Structures are given as structure tokens and as C-alpha cells.
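Step one of this worksheet: look at the structure below.
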Amino acid sequence: IGILKAGAAYVPLDPTYPRERHHTIVDDAGVTVVVSASEQDDLGLGLTRIDVDRVADAAAPPARFDADDTLAYLIYTSGSTAVPKAVPLQAHALVVNGFEIGERMGLTGRDRVWLGSPLIWSYGCANALMACLTHGSALVLQERFTAEQALDVIEAEECSAVYLLPSLARSIAQSPSFGQHRLRTVRTGLTIGSPEDLSLVMDVLGPDALERSLRLDPHDWVHMYLRSYAITIGGGTSEIRRNIIGERVLGLPPEPKAV
């Protein structure tokens with residue numbers, strides 16, 4: 001968030017990756033500054049380093065975005081079959097995409113969203129983070145995933161939404177202390193994968209989670225109506241909210257008005 005507010009682009013680097021991969025990404029992206037925690041070095045890159053644990057409180061400079069297509073993230077592919085390739089994500093599109101994902105999940109300021117995968121993955125920084133920021137939801141992070149700790153965190157923090165991957169769901173289901181009662185506060189979530197993977201996630205969450213996500217009360221028709229396509233897109237409700245996020249939080253220029 002600090003990088004975006006400074007008007008710079010975020011290039012995530014996993015410290016566990018080989019140094020050769022780090023150098024490939026840094027050279028290709030033209031990285032000039034490394035931001036890391038105290039226990040980490042500059043990854044042997046010889047660049048200016050900012051220690052996030054020792055930065056004194058200071059007024060952040062206003063973000064400077066010259067156009068709607070300002071680069072926000074530059075995320076590289078795994079490189080498992082070839083040289084890592086850059087995937088640029090623009091600021092305005094990032095905010096809009098995150099907002100729409102949050103809308104489809106029905107997120108609100110009351111939700112606590114569990115994320116067990118790293119923020120350096122697009123699943124975390126481009127999806128979960130932006131969905132939460134645009135809806136005022138709390139993002140509950142887990143520094144290193146273990147199934148047992150995931151269950152402890154979700155239960156203790158009373159998370160109402162979860163970001164699962166098939167491998168995470170499988171590990172949780174195989175945990176000795178797993179029981180769907182430990183996920184009783186979860187009402188919605190997001191995952192990726194094949195139809196079989198989706199079935200696995202639903203088995204982990206259980207039928208009660210689906211029932212909770214669909215359960216109605218006398219006022220739910222209001223939320224359903226306001227989230228309908230005709231109102232949120234045609235009427236402009238969503239556009240106003242995402243513009244406020246983009247302009248006031250990230251400093252983006254106003255979205256061009258349709259003629």
C-alpha cells in the first residue's frame with residue numbers, strides 16, 4: 001500500500017527463490033529500490049534498501065498518477081517452464097477488479113477474510129487485498145500456512161470468508177482436528193481450480209456454509225437489490241464507490257465520464 005501511495009510500482013520477490021531468479025526479475029523490471037523486513041537483506045541485489053521495521057513515521061508524499069493506465073503491480077510468472085514473464089497490472093483496473101470481486105462475495109465492513117497464501121502472489125495482492133480494501137473488510141493473514149494453524153486462526157478470528165486453494169483445502173480436510181464446526185463462522189469464500197477442486201472446497205466448508213451464504217432476513221432484499229446489475233452498473237452506485245477508493249486512497253485521476 002505504501003508503494004502504491006508513493007506512486008511507484010510493486011514488484012513482488014519471494015526471498016526463497018534462487019538468487020538467479022531475483023536478478024532476472026530485477027534486471028527485466030528495472031527495479032531501483034528493495035523494501036524488506038529487518039531479518040532480510042537486499043537479496044544480494046546491491047540496490048537501495050528500505051527496512052520496513054525501522055522506517056520512522058513520516059508524512060507520505062502524495063501519489064502521482066499521470067494516467068488511468070499507471071502501472072501498479074508487475075508480477076512475474078513462475079518461470080517453471082521458461083524464463084519468468086512480466087504481467088503488468090494497472091492501478092485503475094486493479095481497484096475496479098478488486099471491487100467487483102468483493103461485490104460478488106458480498107463483502108462488507110463487518111467481514112474478516114482469511115488468506116493463507118502469500119501476498120506476493122496475485123491471488124493475494126491483486127485479488128484478496130483489493131477486494132478487502134474496497135469494502136472495508138479486515139484481511140486476516142497467516143505468515144506460514146499449516147492446516148492446524150489455519151483452523152485455529154479462522155476459528156479464533158471468527159472469519160466470515162476464506163481464500164482457499166485446492167492444496168490448502170485438502171490439507172485442512174486431512175488435519176486431525178478438522179471438523180466443519182470449526183468453520184461455522186464462514187459464510188462465503190473464493191477458490192480456483194477444476195470442477196473436482198471446487199467440489200473439494202465445498203466439502204470442506206460443508207453445506208451449512210452455502211446455507212449461511214443464502215440465508216435471508218427481512219432486510220436482505222435491500223442488499224440483493226443494490227448489488228443487482230441494473231443498479232450497481234447502470235445506476236452508478238459501484239462506480240461512485242470505486243472512484244472514491246481510487247481517487248482518495250490511491251490518488252488516481254477521476255475516471256473519464258461517458259459521453
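This chain uses plain numbering: 1 for the first residue, then up along the sequence. Here the structure is a predicted model, which means the values were calculated and not measured.
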Can you tell me if R184 uses its side chain to pair, donor with acceptor, with the backbone of Q180 under 3.5 Å?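 No, R184 side chain to Q180 backbone: no donor-acceptor pair under 3.5 Å.
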Any side-chain to backbone donor/acceptor pair from H22 onto D14? Under 3.5 Å, distance only.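 Yes.
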Ignoring hydrogens and angles, state whether a donor on the side chain of [X] or [Y] is under 3.5 Å from an acceptor on the partner side chain.
| X | Y | value |
| --- | --- | --- |
| H181 | E155 | no |
| T70 | Q90 | no |
| S160 | R110 | no |

Which atoms form the tightest heavy-atom contact between R182 and I154, and what is the distance?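 Here R182 and I154 meet closest at O-CG2, 4.4 Å.
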Shortest non-hydrogen separation from V204 to I172 and the atoms involved: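 Smallest heavy-atom distance, with atoms named: CG1-CG2, 4.1 Å.
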Over 12 non-hydrogen atoms of neighbours within 6.0 angstrom of CD in E157: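 Atom CD in E157 is crowded, with more than 12 foreign heavy atoms closer than 6.0 Å.
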Is there a side-chain contact between L13 and I25 (heavy atoms, below 4.5 Å)?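 Yes, at least one pair of side-chain atoms sits under 4.5 Å.
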For the residue pair L190 and M105, establish whether any side-chain heavy-atom pair is separated by less than 4.5 Å.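 Touching, per the 4.5 Å side-chain cut-off.
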Verify side-chain contact (heavy atoms from CB on, under 4.5 Å) between R104 and F99, making sure each step is shown before the conclusion. CA-CA 9 Å; R104 282 158 178 75; F99 176 82; over 6 Å; no
Qualifying residues under ring pair (Phe, Tyr, Trp, His ring centres under 6.0 Å), relative to Y17, sequence neighbours excluded: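 With neighbours one apart ignored, the set is empty.
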Give the intermediate values and the outcome of side-chain contact (heavy atoms from CB on, under 4.5 Å) for residues I120 and Y10. CA-CA 10 Å; I120 61 173; Y10 171 56; 3.7 Å; yes
Please walk me through it: do S171 and T146 pass side-chain contact (heavy atoms from CB on, under 4.5 Å)? CA-CA 8 Å; S171 296; T146 66; over 6 Å; no
